[in-house]
Every structure is written in structure tokens, then in C-alpha cells.
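Structure record follows, encoded as C-alpha cells.
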Amino acid sequence: MTAAAIGSALPSSRVSVHLVESEAIGIVGVGEATLPHLRRFNENLGIDEADFMTATSATFKLGIEFRDWARRGDAYIHPFGAYGVAVDDVPFHHFWRRLAHEPATGDISTYSLPIVAARAGRFRHPADNAASVNGSYGYAYHIDATRYAPYLRSIAERRGVARTEGKVVAVQHTAHGDISAVRLEGGQCIAGDLFIDCSGFFGVLIEKALQAGYDDWRRWLPCDRAVALPTSHKGSSLPPYTKATALDAGWRWQIPLRHRVGNGYVYCSEFASENAATTTLLGNIEGSPLAEPRHLRFTPGVRRQQWRKNCIAIGLSGGFLEPLESTSIYLIQAAIEQLIERFPMSLSESGEYTAEREDFNRCMQQEFERVRDFLILHYVATERRDSAFWQHIAAVDIPETLAARIDLFRGDGRFDDYQRGLFLTPSWLAVFLGQRIVPERYDMRAANVDRHRLRDRLHMLQQKIAAAANAMPHHSQYLERYCPVAHR
Amino acid sequence: MKAANTHDVGRVVILGDGFEGCLAAASLTDAGVPVVVLPSLEAGAWDAAYTALPLRPDDLLGQLGVSELQLLIDHGGSYALGIDANDVTVPFGPTGIDFHGSRFHHHWRLASEPPFFAFSPSWVALQDGRFAPPVPQNAIDSLQHELVRLVDIKSLTNHLRTIAATNGATFLPRPLADVERNDVGGLAAVVDMNGQRHHADLYIDASGPTRQLLPSDSAWSTCGPSGTLSVSHSPTAALRPSITGTLTGDSCVVAFPQQSNLTTLRVDLDASATPTWVPGFRDAPWIDNCVSIGFAASHNVPLMPWHTSALMRSVRRLIDYLPDRHHSRPSRTTYNRQTVAEYAELQSIDHLLLAWARSRAPLSDALAARVALFEKRGFWHAGDTTLIDDCTWINTLFALGYRPCGGDVLAERWSMAERRRELRELRERITRVIAAFPTLGDYIAAAHRAVELRREVQA
């Protein structure tokens with residue numbers, strides 16, 4: 001991603017990019033489920049969507065379904081879009097809350113087109129008019145990450161990025177401690193002014209060479225292992241959403257691609273062994289396994305300085321939270337965009353771009369912290385105490401920033417809004433309500449509307465959304481027309 | 001699911017019946033809150049500072065049913081497209097149009113096409129004394145400008161008072177005599193001059209600089225030299241669409257020209273042993289059951305009109321966080337954090353202006369770092385507060401002489417010929433569009449004629 005983006009964005013007269021990668025190390029392959037922001041990234045690279053979807057066996061994604069999180073048997077979808085329509089600046093959920101105790105009002109999910117469409121297995125590109133119901137949602141993709149990487153590599157090479165196959169075995173420094181070159185296994189040295197570490201959890205440059213430090217966030221996000229397993233499809237349905245189901249020691253994902261289903265179990269090593277996790281995953285899959293289970297180890301947290309000296313850590317080397325809410329590709333993209341915006345004018349010595357570096361680190365730290373709080377919410381907004389893992393979660397001392405947000409919403413249905421950050425108000429609302437944090441009170445202005453009139457309005461909106469969803473084609477049919485693939 | 005509890009809307013007492021108090025009373029009653037308003041001897045003393053009403057980022061007036069035409073016709077309104085301060089002009093609204101994924105000022109820097117503000121529709125219109133309100137985007141090739149309304153604030157305050165009273169607010173004639181506090185530091189009641197006690201679930205201090213309700217020892221972050229503020233009025237000599245200001249090392253004089261009245265505010269710094277104008281803000285504007293708004297919570301240089309937006313935002317936020325009489329601690333904490341962040345941003349831009357007036361006196365470390373990044377890269381980090389938008393900051397920095405010496409590398413991808421062509425076309429479009437604007441005087445006269453005509457037709 002980084003090589004393609006930088007190679008495309010920056011003028012070749014000023015910057016030459018050299019990509020060093022080793023086939024032997026391979027691709028972790030996390031991030032099969034994406035967020036809507038990836039569309040902007042692809043558009044900036046001039047990527048044709050249908051071509052990209054064909055190349056990566058992609059499907060569309062309208063949100064994420066969470067099962068068994070607050071209680072066993074619960075299910076909700078965190079959609080890419082808002083619920084209902086605000087009236088006179090009063091958010092919709094206050095009106096819904098006013099009538100929520102009346103059975104006819106229904107679940108708040110019935111006021112979200114992406115949720116209703118997702119549940120019906122339907123999809124269509126949103127309309128241009130964001131004010132209309134048909135334009136009220138966004139979408140993302142489920143992709144085969146092992147295919148996306150070479151797809152981007154070929155774009156990078158077409159845009160003039162040089163590529164060398166090899167494994168970094170040593171790092172050379174300047175007198176100021178900057179990195180001056182990396183030495184590969186065969187002895188070849190590659191010099192540079194700026195180094196971007198995309199070496200994943202290894203942190204070959206940012207940690208092993210520059211000791212940037214790492215903040216371990218396992219005290220809040222205890223899952224630190226995953227086992228992944230691709231399977232065949234079972235049946236013909238192709239849901240346009242990711243599934244995340246809470247289990248006894250973590251949760252499992254199901255990501256529907258065109259040619260297979262990505263499955264995995266994210267768990268806490270304190271409460272499940274590798275063997276137990278594999279058995280649990282195998283016991284839960286629906287299709288036939290297409291490969292051996294792959295095991296991943298990670299430490300949720302963030303690099304203390306994602307940009308240190310003349311080295312920027314992007315992706316897993318900069319930090320990793322966990323796969324819940326599909327944030328890993330987004331965080332790569334965010335770092336790339338922040339870097340391009342602050343790309344040093346002069347690369348001769350790292351001291352010359354201290355301001356850019358500090359600003360980058362501040363922005364990325366804030367980005368990670370805000371995503372972290374949102375992820376923790378999924379674990380702590382639960383009544384589950386049915387396993388040692390969930391009992392452990394119940395005792396977690398959550399960050400003050402999150403505690404304040406929960407208190408604020410639980411009391412008055414309010415949000416401490418921020419302008420910059422991945423998950424904005426509609427996302428927080430989806431998880432709060434989906435996980436049974438319902439505000440005790442609603443905005444007093446919602447009481448100013450006549451109750452009968454409000455009932456009628458809500459009913460009409462529900463009908464409008466149901467009709468809009470019904471008018472959409474089935475997801476699989478839409479895919480066949482939009483980006484046909486030979487294999488399935 | 002249980003029915004929610006929200007019909008338990010508490011009673012609010014507002015101290016101060018100036019612009020701040022009447023705006024809060026009208027907005028709260030519009031939202032269904034029972035309100036009682038007590039006059040304050042000091043409320044309204046500084047109302048002249050609210051003469052300038054930005055259209056954005058927040059404008060409660062439209063929601064209260066106060067139309068643009070009413071501001072113009074009934075409240076002696078005029079408009080400003082920018083600020084003339086000393087020998088520089090800071091236009092409102094964007095300068096140029098971002099293109100090829102880069103901010104306009106990066107392209108401008110690379111093209112070396114002076115002057116920068118020739119690409120600001122507001123600046124160009126202001127030079128010729130022309131005016132037209134902004135139209136929806138795309139209507140004139142995406143060319144956008146921005147305005148600030150200048151009104152007779154006494155007249156507007158009376159209008160808001162009428163709205164509040166119509167909505168059910170009770171305006172008491174007797175000023176405050178005493179405040180009774182409860183055991184935990186909150187307010188138990190306010191007592192008027194007749195000795196009548198008024199209880200409420202929430203008390204709003206809109207008493208202006210005297211800050212009569214909050215404890216006198218509540219923390220106030222001071223951000224510079226104190227002084228005194230005075231107000232005077234005179235007839236408007238020449239109608240121009242601008243706020244004018246004169247900043248020196250020891251004073252700030254700001255003039256707001258309305259249709260027939262010129263309101264002038266003067267802040268004399270270091271002028272008094274007992275200053276009434278103390279630049280800064282209250283660290284916690286909402287303590288227990290008492291909220292301070294407006295000048296009871298923050299003092300700013302009145303040159304930039306965004307303190308009016310800050311007042312409107314704080315009232316709007318108060319309504320947001322006041323669903324009932326419980327006004328819980330998380331609500332207060334969030335209200336305070338968001339409001340104080342806006343006050344801090346207002347202080348930053350004040351600080352920048354005052355430092356410039358004092359021959360570029362040193363800036364605070366945080367502001368200096370932001371300015372340094374702008375000078376180095378043309379990059380402005382706005383943070384989470386949107387009270388003062390990027391356009392205002394960048395226009396202000398350019399007007400005060402700060403220039404980026406480096407830029408966005410993305411902008412360098414485009415050829416110089418292409419960039420210059422884009423800039424030339426943009427400049428021609430601005431010139432063409434602005435030339436079609438009437439003068440401000442003609443615009444106002446036409447609006448009056450249209451209203452008269454309509455009244456005749458209706459009659």
C-alpha cells in the first residue's frame with residue numbers, strides 16, 4: 001500500500017521509492033475486511049473498482065454483524081451509515097428512544113437501510129444524493145489480502161517504484177543515529193534518506209534498529225492470538241457483511257469472499273491454548289477447510305514513536321489493536337495519508353523535519369487511542385460472565401476517556417463528538433444500542449413533537465427503508481453483473 | 001424496554017437580560033424549558049461586542065425564526081466580508097479553490113502569483129465595496145465567499161426577548177440582590193431586590209463581566225494583559241462591507257458599521273488598576289448547577305466575531321446537554337471540555353493578533369509550534385474544534401505576513417503551466433462574478449424597496 005501510494009502521489013523528480021520485500025516472509029493477510037475509507041485510497045491510485053474487485057475476489061460490505069456480544073443470542077449490525085434522519089439538529093435516536101418502549105416502534109436497526117439491506121442479502125451502490133434514503137449509506141469490501149498486495153505491487157512498479165527481493169539482515173546508521181542503509185541477505189546494501197518500516201510485527205527498522213518502544217494495551221484488549229482458516233462456501237448465500245461472533249475466550253470472524261470464506265478465532269492466550277482455539281474454530285466453521293489453520297501472535301498496542309529519526313513505521317510495525325472492526329487496513333491508510341501530507345521537503349537529515357515528525361506522531365497516537373476505546377467498548381458493554389475470559393473482562397479498568405463516553409451516553413444519549421477519528425457518532429451509537437446500553441433519557445426537544453405524528457413518521461420511514469432495500473438486487477447477482485469472475 | 005425519563009424538564013433561572021440572556025431564554029423556551037429571567041445591572045454593558053453575527057459555524061437565530069431579511073430591515077443590519085485592521089485586510093471565507101488534491105495556497109505559493117487575496121471573493125468584493133450574499137455551492141462555479149451580519153444589537157435583543165416571552169419565559173423586573181448557596185457549593189436560590197427567592201434546577205449566569213453567580217474564586221485562565229472596555233455610538237459615515245480595527249500595543253479599537261449606526265468598542269490594555277476586561281476564560285464554565293455563558297465565561301478581543309459563534313454554540317450545547325433536571329456530571333464535564341476548547345481557540349487567534357500588533361511579540365509555545373509548521377509547510381492543524389475554520393486561520397496568517405516557505409509535495413506533481421492556467425481562470429471568474437455584485441448600499445436599498453413593495457401588495 002505504502003509503495004503504491006507514495007510512488008503515485010509524490011513527484012518522481014523529487015522522490016524515488018525503493019521497495020524491499022521478501023517472499024520468504026510472506027503476508028500476514030489480516031485485513032480481509034475493510035472499511036469504506038479504502039475506496040478513497042483506491043480512487044487516489046486511479047484504480048477501477050470492478051477491476052480491483054475481480055482481482056481480489058472481493059465482495060461488498062455494508063457493515064459488521066456482532067453476535068452474542070452483550071448476551072448470548074443477541075445480534076446487531078454496525079452499519080456503514082446513520083440511523084434515521086435528524087430533525088432540527090436533534091439526532092434521530094432521541095425520537096426513537098422516546099417511543100422505543102412501544103412494540104410498533106421496532107428495533108433501531110429497522111431505520112437503517114444498510115442494515116435492512118444486509119439482512120436481506122441485498123446490495124446496490126449508494127445514490128449520489130446523500131440526503132436521500134438511497135444515498136444514506138457507505139460501503140466497503142471483503143478482499144483477499146494476499147491478492148491485494150501483488151495488485152498494489154504491480155501498480156507501484158508501473159509508477160516507477162524499484163523493487164528488490166531480499167531480506168534485511170543489518171541496518172547501517174549515520175553519526176546522528178539516522179538509518180543510512182539496509183543490508184540484505186546477499187550482501188547488497190540499499191541506501192536511502194527516509195525509511196518506511198512495513199515489516200509487520202517484526203519492526204525490523206523501527207524497533208530492532210531504532211528502539212522506538214511499544215505501549216502494550218493488553219490490559220484493555222486482552223486477545224493476543226488468532227488462528228485463521230479459509231473454508232469453502234456452504235450454500236449459495238453471500239452476505240454483504242462481516243460476521244463477528246463472541247466465543248468463550250474471544251471471538252471469531254467470518255468474511256465472505258467470492259471464492260472462499262475467511263474464518264478466524266481471535267482469543268486470549270491466558271484463557272485458551274493454541275490447540276483449544278483450533279478445535280473451537282474447527283467446531284464452528286460451516287464449509288470445508290481449504291488449508292491448514294494458521295496461527296498468529298500479536299500484542300495489541302501502539303509504537304511509542306511511529307516516526308523516529310528518519311524511519312516511519314506503517315502498518316503492524318506501527319501498532320496493532322486487533323481485527324475487530326476491521327481497522328488494520330484503515331490504520332495503514334491513515335499513516336500513509338498523514339505521511340504524504342507531511343512528507344519532508346528536505347531529506348538530508350532527520351533533524352530538519354522534527355515538526356512534521358512530531359505532528360505525525362501526535363496525530364497517529366490520537367488515531368490509535370480513539371480506535372482503541374471503540375474496540376474496548378465491544379468487550380466491556382456486556383452482561384456475559386459465562387467463562388473465565390468474560391469474567392476477566394468484567395474486571396478490566398477501562399480508560400477514563402471511554403468511561404466518560406459511556407456515562408454520557410447511558411444518561412442522556414449524548415456523544416462527546418470529535419472531528420478527527422475513524423469512528424464517529426453513528427458507529428458509537430450502533431455499538432452502544434447493539435450492546436444494550438440504552439440512554440435513560442432522551443433530548444427534551446424530541447418531546448415537542450406530537451406522539452401520534454412521531455409514530456406516523458417513524459412508521460413511514462421504516463416502510464421507505466424496507467421498500468428501498470427490497471428494490472436492491474441480491475448481493476451475489478449484483479456482483480456477477482458488476483465484476484464477474486470465472487471461479488466461485 | 002422501559003419508557004425513558006425526559007419529561008422531567010427542570011426550571012432554569014437566567015441572570016441577565018442582555019443579548020446573552022435573551023438568546024439563552026429564547027432558545028431554551030423554544031426547546032420546551034421553563035425559564036425565568038432576572039435583569040442584571042451589568043448585563044448588556046458589553047452587548048455591543050455581539051454586533052457582529054457570523055453566519056457560520058453556528059447560528060441559532062434562524063432556528064428561532066429570525067430571518068435574514070428581519071436582521072437587515074428590522075434591526076438596521078449591514079454586512080461585513082472581512083476585517084480591515086491597521087493596514088491589512090482579513091477576508092472571510094475561503095481564498096481560492098483547492099484543486100488536484102492540494103490546498104489552494106500550496107498551488108499559489110508554487111505559482112508565485114501575487115497577491116494571495118486576489119483569489120478571495122470576499123476580499124475582491126470588499127475592495128470595491130460590493131456585496132451579495134453567498135449562494136448555494138455550484139451556482140457560480142463553486143465560488144464561495146462568507147459574510148458576517150452587523151446588526152443593532154439592542155433591537156435584536158428586544159426581538160429575542162419577545163420570542164422568549166411568547167414561548168412562556170417570565171421576565172422579572174427586579175434585579176438580583178443576593179445568592180443563596182447550598183451545602184455542596186451549588187446555588188440554592190437567587191433573591192431579587194424585593195426579597196423574593198427564586199429556585200431553579202439550573203442557573204445561567206449571563207450577567208456579563210461581573211459574573212455574579214459563580215463563586216468568585218472559580219478559576220479563570222488569564223492569557224494576556226488586562227484592561228477596560230468601553231463602547232460608543234456615532235452615525236455611519238460611509239457604508240463599507242467590513243469591520244474596521246486599529247490594534248496597537250496598548251489598545252484595540254473596533255468599529256462595526258450598521259446601516260445608520262457605527263458602534264465602536266475600545267479595549268485599553270493595562271489602563272486600569274481595576275480592569276473589567278481580563279482576557280481569558282473560565283476553566284469550568286459549568287459548576288454544579290450553575291453555568292456561565294458569554295462574557296461571564298470568556299473575554300476576547302472583539303475584533304474577530306467568532307466569540308458570537310462561541311456564545312451561540314455554548315447555548316446550543318447547553319440545550320443538548322440539558323435533557324432534564326438531572327444535568328449529570330458527565331454532561332457537565334463534556335460541556336466544559338468542549339466549551340473551554342473553543343475558548344482556548346479564540347484566545348489563540350486573539351494572541352496572534354495582539355502579538356502582531358506588538359511588533360510580533362513572542363507567541364505561546366503551542367501557538368508558536370502551529371505557526372512554525374504553517375510557515376515551514378503551509379500546514380495548519382485545526383484540531384477537534386471547528387469554531388474557527390481553516391480558512392479564517394489561513395487568511396489571518398497570510399494577512400499578518402506569515403507565508404509558507406515549503407509546501408505540499410502533492411501539489412508539485414502538476415506542471416507550472418497547468419497550475420498557472422488554473423489560477424488565471426479562477427481569478428478571471430472571481431473578477432467576473434464580483435463585478436456583477438451591487439454595492440452594499442445598493443443591495444440594502446433594493447432589499448428595503450422589495451420589502452416595501454411586498455407590504456404594499458399585501459395591504
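Convention: sequence-line order gives letters A, B, ...; per-chain numbering from 1.
Defined by atom type and a distance below 3.5 Å, a donor-acceptor pair is present between the side-chain atoms of B:Glu418 and B:His100. Looking only at atom types and distance, the side chain of A:Gln462 has a donor-acceptor partner in the side chain of A:Thr110 under 3.5 Å away.
Interface remark: A:Asn44 contributes no atoms to any contact with chain B (heavy atom separation under 4.5 Å). When heavy atoms are compared at a cutoff of 4.5 Å, A:Thr105 does not approach chain B at all. Proximity to chain A (any heavy atom under 4.5 Å) is shown, for B:Ala372, by neither the backbone nor the side chain. Heavy-atom distances place both the backbone and the side chain of A:Asp416 under 4.5 Å from chain B. With a 4.5 angstrom heavy-atom cutoff, A:Glu358 does not touch chain B via any of its atoms. Proximity to chain B (any heavy atom under 4.5 Å) is shown, for A:Pro103, by neither the backbone nor the side chain.
Options A:Arg370, A:Arg405, A:Arg410, A:His94 differ in how many heavy-atom pairs under 4.5 Å they form with chain B, and the most are formed by A:Arg370. The residue among B:Gln338, B:Arg337, B:Arg316, B:Arg377 with the most heavy atom pairs within less than 4.5 Å of chain A is B:Arg377.
Judged purely by atom type and a 3.5 angstrom limit, B:His105 has no side-chain atom pairing as donor or acceptor with the backbone of B:Ile394.
Atom CG of A:Asn129 has more than 12 heavy atoms from other residues, nucleotides or ligands within 6.0 Å.
Geometric assessment of B:Arg370 against the ring of B:Trp393 yields a positive cation-pi assignment under the 6.0 Å and 45° thresholds.
Under the salt bridge (Lys or Arg N to Asp or Glu O under 4.0 Å) rule, A:Asp443 has a single partner from A:Arg414, A:Arg98, A:Arg97, which is A:Arg414.
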